[in-house]
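Fair warning: this is a prediction, and the values are worked out from it, not measured in the lab. Quick note: residue numbers are just sequence positions, from 1. Reckoned from all heavy atoms, side chains included, excluding hydrogens, waters and symmetry mates.
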Amino acid sequence: MGVRRWLDEAILAQGRLPLLCFLLGFIVGFLLIRFSVRMIRKRVRWWPGNLRAGDVHIHHMVFGVVMVLIAGLGMVAGYRSGIGTIAALASVFGVGAALVLDEFALIYYLRDVYWEEQGRTSVDAVFVALAVTGLLLLGFHPLWLLDIGGIRHDGAPGLGLLGGFAAVNLVLAAIVIAKGKIWTGLFGMFFLPLLVIGALRLSRPAAPWARWRYSERHRLMSRAIVRERRYRRPAIRVKIFVQDLVAGKPDVAHVRRAAEAELERTVLPAPPAHPRTGPDSAPGPIFRLSA
């Protein structure tokens, strides 16, 4: 009864049925394609293998692009259609988006790294898409706080405050993302206090902000590296464990060793913003910190 009431009041009454159908299509598409590739990797006889055109392996993101284009064109061309038609097209769009994002790492690295460690980037992209869609489905959006007092509907004063709030949101989000805190910046767009906290805290050592602001402040850079390794270690272990469950364990060591390897690879000081060149230039500082 509670689920039915939630669907009626929070989804149907608010016009969010297409968004819900997109989310369900996305989840179903992602689970199905991950099941498929796991069966293909295990060489299960009863499961069809990779699709090829001659010697060319046709990746499933190709089908995803086609589905996204068809569904997107259908929604644009039939924007006056009934909610059922739009919801059905949104489901197709969600399945196609899942197929594309499942191979996001291939697009990002321009090579097939699906079962390599870099392939985990695809899982990260899927998690980001799920998080944003979930927040939107729950009614959150970057300006939702202004809806509490009806500020968005107060005419010219409301528009002025709306513009100022949006500008502050964007500036703080840019600072937080420049500090390398992608998830904080993402969720902070929906909850301003997170942006304020992220903007005030130390930057991650390899982020652009650290390159601009910490390259000559060696003590600050050292603090950033120590904090990064201390606080990211448990988070990375959990992330790798979850990724292994979703993506299939790649050909690397177990979670603990993989986490330490990622820390050693990623937690490094950013290069100077304006490196000096020439015979009189001196090398930058070298940080050697134990894990």
Side-chain angles (χ1 to χ4, degrees), residues 19-72 88-135 137 182-183 186 232-263 265-266:
L19 189 60
L20 176 62
C21 290
F22 167 83
L23 179 61
L24 294 176
F26 189 92
I27 293 174
V28 170
F30 179 68
L31 293 178
L32 286 178
I33 196 58
R34 280 290 168 173
F35 176 79
S36 176
V37 295
R38 294 285 284 272
M39 294 299 100
I40 293 173
R41 194 184 190 199
K42 291 182 178 180
R43 303 181 185 275
V44 178
R45 292 183 178 181
W46 51 269
W47 191 259
N50 291 318
L51 185 62
R52 294 183 177 274
D55 295 331
V56 179
H57 171 206
I58 301 178
H59 291 268
H60 50 264
M61 72 174 179
V62 175
F63 301 98
V65 170
V66 173
M67 294 177 71
V68 164
L69 285 174
I70 293 175
L89 290 171
S91 300
V92 177
F93 193 97
V95 174
L99 297 183
V100 172
L101 287 184
D102 187 59
E103 294 198 305
F104 177 79
L106 186 151
I107 302 171
Y108 185 79
Y109 292 103
L110 291 180
R111 59 191 180 92
D112 193 353
V113 293
Y114 195 88
W115 292 114
E116 298 178 21
E117 190 173 351
Q118 293 91 335
R120 298 170 183 269
T121 306
S122 298
V123 181
D124 291 338
V126 169
F127 287 166
V128 169
L130 288 173
V132 172
T133 306
L135 288 171
L137 189 63
I182 307 300
W183 282 99
L186 171 66
R232 284 200 68 202
R233 182 172 287 108
I236 288 177
R237 288 177 181 173
V238 172
K239 184 188 76 169
I240 291 175
F241 178 77
V242 173
Q243 288 176 333
D244 284 347
L245 290 179
V246 175
K249 189 172 182 179
D251 298 326
V252 294
H254 55 78
V255 171
R256 185 179 295 272
R257 288 185 56 192
E260 295 303 319
E262 182 168 338
L263 286 171
R265 187 183 67 256
T266 59

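Side-chain contact between V100 and I107 is present, with heavy atoms from C-beta onward closer than 4.5 Å. Counting only heavy atoms from C-beta outward, the side chains of M39 and W46 approach each other to under 4.5 Å. At a threshold of 4.5 Å between non-hydrogen side-chain atoms, the residues V126 and F104 do not count as touching.
Residues P48 and I40 come closest through the heavy atom pair O-CG1, 3.6 Å. Closest heavy-atom contact between R34 and V123: NH2-CG2, 3.8 Å. Considering every non-hydrogen atom in both A105 and V113, the closest pair reads CB-CG2, 3.7 Å. Here the closest heavy-atom approach between residue M61 and residue E103 is recorded as N-OE1, 3.1 Å.
Here the CG atom belonging to L32 is positioned 11.0 Å from the CG atom belonging to D102, to the nearest 0.5 angstrom. To the nearest 0.5 Å, the span separating CD1 on I33 from CG on L101 amounts to 13.0 Å. Here the OH atom belonging to Y114 is positioned 4.5 Å from the NE2 atom belonging to H60, to the nearest 0.5 angstrom. L51 CG to H59 NE2: the interatomic distance, rounded to the nearest 0.5 Å, is 11.0 Å.
Enclosure of atom OH in Y108 is not indicated, since only 12 or fewer non-hydrogen atoms of other residues, nucleotides or ligands lie within 6.0 angstrom. Around atom CZ of R111, more than 12 heavy atoms belonging to other residues, nucleotides or ligands sit under 6.0 Å away.
Using bins of under 30°, 30° to 60° and over 60° for the plane-to-plane angle, the ring pair F26/F30 lands in the parallel bin. Between F22 and F93, the ring planes lie tilted relative to each other; the angle falls in the 30° to 60° range.
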- Please step through side-chain contact (heavy atoms from CB on, under 4.5 Å) for the pair N50 and I58, ending with a clear verdict. CA-CA 8 Å; N50 291 318; I58 301 178; over 6 Å; no
- Task: Test V92 against I70 for side-chain contact (heavy atoms from CB on, under 4.5 Å), laying out the working first.
- Result: CA-CA 9 Å; V92 177; I70 293 175; 5.7 Å; no
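With hydrogens and angles disregarded, no donor-acceptor distance shorter than 3.5 Å links the side chain of S91 to the backbone of G25.
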